[in-house]
Amino acid sequence: MEELAPQTLFTGQQLLWLPECASTNTEAHNLVVKNSATDGCTIITDNQTAGRGQRGNRWEAAAGENLTLSVVWRPTFLAATDQFQLSRAVALAVHDWAATLLGPDPALRLKWPNDLYFGTQKLGGILIENTLSGAKIQHSIIGIGLNINQQHFAVPTATSMALLTGRPHARPALAARLLESLEARYLQLRAGHVAQQQQDYLHVLYRYQQPALYEVAGQAVSGQIEGVDPTGRLLVRIDHELRAFGLQEIVYR
């Protein structure tokens, strides 16, 4: 594997690229427990055998074809109640990164809370695991899975950069650019530009202000996404009433 040298201050400066592991988030957690992870420590693997996704799902990726990584940050400037701010910043960074490859395509969107979509197909996912200390976030493990060169998927709702661009991509170079995008958005958040990130997020939010079908409490409903509240709940207008939903409380149809 060619050397990876992101142009960053700290993100990815301590870097481990593993041939295989069960989960990069687990590897990162083990380093944190041993006090061996610097701020920005990054673990990348060619083959993740037991990746975790949102809602307790598994994240599946073909070995050697995609990007699967975890970054350790110490966002002690964030209150425990502001965890969504970090999720939003990471999602924006991933979208920024994808836009450098695909251009400002209106089909490139973030599906709440932080999945990367092109049209109705998933390009990547994010799983953030925070450890709290009192009222503050002590450290965060940012798990990211991105479909890069994979050509065949078990589900029709997935796609990859290679399928969208018609060519394969060098993963180390893409990983370096991703780490740069992540740090840029993280520093923007640390500088307090929360309102700007909220505006940027809504600008690329999948189905924002578009009537669509959802499932709530087992029932199909028609609703329109109107925003996301400060705690990260999705705001959907259903039958003229604005309602707030957590991750397990609404399903896209």
Side-chain angles (χ1 to χ4, degrees), residues 53-57 73 75 77-99 102-130 132 135-137 140 142-144 157 181-182 184-253:
Q54 295 282 11
R55 305 175 191 259
N57 296 325
W73 278 332
F77 59 91
L78 282 177
T81 52
D82 292 333
Q83 293 180 55
F84 180 69
Q85 291 183 20
L86 184 64
S87 173
R88 182 173 57 207
V90 171
L92 283 170
V94 170
H95 185 276
D96 293 343
W97 165 86
L102 301 172
D105 195 307
L108 186 63
R109 288 285 179 259
L110 291 172
K111 182 180 175 185
W112 173 85
N114 51 23
D115 282 339
L116 183 67
Y117 265 61
F118 190 89
T120 59
Q121 292 181 299
K122 189 172 179 177
L123 255 175
I126 298 165
L127 178 66
I128 300 177
E129 297 176 309
N130 296 313
L132 308 180
K136 296 287 187 181
I137 300 178
S140 301
I142 317 297
I144 301 174
T157 52
S181 292
L182 285 166
R185 283 294 187 175
Y186 182 69
L187 292 176
Q188 185 185 41
L189 174 62
R190 196 166 75 180
H193 299 292
V194 175
Q196 180 64 56
Q197 292 197 347
Q198 172 72 348
Q199 181 180 326
D200 292 348
Y201 182 78
L202 293 179
H203 182 68
V204 297
L205 185 61
Y206 179 65
R207 289 189 180 177
Y208 180 55
Q209 294 184 329
Q210 297 175 2
L213 289 176
Y214 299 91
E215 184 180 308
V216 176
Q219 299 294 317
V221 299
S222 180
Q224 181 167 297
I225 295 174
E226 297 290 349
V228 180
D229 75 9
T231 65
R233 294 184 302 172
L234 189 67
L235 300 176
V236 184
R237 191 169 299 280
I238 300 172
D239 294 330
H240 307 291
E241 177 189 0
L242 192 63
R243 299 172 60 183
F245 296 96
L247 188 61
Q248 306 290 344
E249 297 170 345
I250 188 168
V251 179
Y252 286 66
R253 290 295 181 225

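Count residues from 1 along the sequence.
- With rounding to the nearest 0.5 Å, the separation of CG in L202 from CG in D200 is 9.0 Å.
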Would E226 and Q209 count as a side chain to side chain contact (heavy atoms under 4.5 Å, CB included) if you check the C-alpha gap in whole Å, the side-chain angles of each, and the deciding distance to 0.1 Å? CA-CA 6 Å; E226 297 290 349; Q209 294 184 329; 3.9 Å; yes

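- Remark: the backbone N or O of K111 is not paired with any side-chain donor or acceptor of R207 at under 3.5 angstrom.
- Checking each of I137, L78, L182, I128 against W73 for a side-chain contact (heavy atoms from CB on, under 4.5 Å) leaves exactly one that passes, namely L182.
- The backbone N or O of A107 sits less than 3.5 Å from a side-chain atom of D105, completing a donor-acceptor pair.
- Residue pairs meeting the ring-ring contact (aromatic ring centres under 6.0 Å, His included) criterion with at least one member in residues 210-249, sequence neighbours excluded: Y214-Y252.
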Quick one: do W112 and I225 satisfy side chain to side chain contact (heavy atoms under 4.5 Å, CB included)? Show the steps, please. CA-CA 10 Å; W112 173 85; I225 295 174; 5.7 Å; no

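- Across every non-hydrogen atom of A91 and L110, the tightest pair is O-CD2, 3.5 Å.
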Set out, in order, the CA-CA distance, both residues' side-chain angles and the distance that settles side chain to side chain contact (heavy atoms under 4.5 Å, CB included) for R88 and V194, then state yes or no. CA-CA 10 Å; R88 182 173 57 207; V194 175; 3.3 Å; yes

Given side chain to side chain contact (heavy atoms under 4.5 Å, CB included), test V236 with V221 step by step and report yes or no. CA-CA 11 Å; V236 184; V221 299; over 6 Å; no

Let's go through Q85 and Q197 carefully: what are the C-alpha distance in whole Å and the side-chain angles of both, what is the deciding distance for side chain to side chain donor-acceptor pair (under 3.5 Å) to 0.1 Å, and is it a yes or a no? CA-CA 8 Å; Q85 291 183 20; Q197 292 197 347; over 6 Å; no

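- Annotation: the span from L86 atom CG to F77 atom CZ amounts to 7.0 Å, rounded to 0.5 Å.
- Between I238 and G223 the shortest heavy-atom distance is CG1-CA, 4.1 Å.
- Here Y201 and Y208 keep their ring centres 6.0 angstrom or further from each other.
- With rounding to the nearest 0.5 angstrom, the OG1 atom of T157 is 7.5 Å from the CD atom of Q121.
- Between H95 atom NE2 and N114 atom CG the span is 13.5 Å, to the nearest 0.5 Å.
- At least one side-chain heavy atom of P113 sits under 4.5 Å from a side-chain heavy atom of L247.
- Listed here is the closest heavy atom pair of L235 and A244: CD2-CB, 3.7 Å.
- Here CG of L234 is found 7.0 Å from CG of L205. Values are rounded to the nearest 0.5 Å.
- Proximity of a side-chain donor or acceptor of Q219 to a complementary backbone N or O of V216 within less than 3.5 Å is not detected.
- Contact of the V90 side chain with the I144 side chain is registered, since non-hydrogen atoms from C-beta on lie closer than 4.5 Å.
- The distance from the OG atom of S140 to the CG atom of L132 is 8.5 Å, given to the nearest 0.5 Å.
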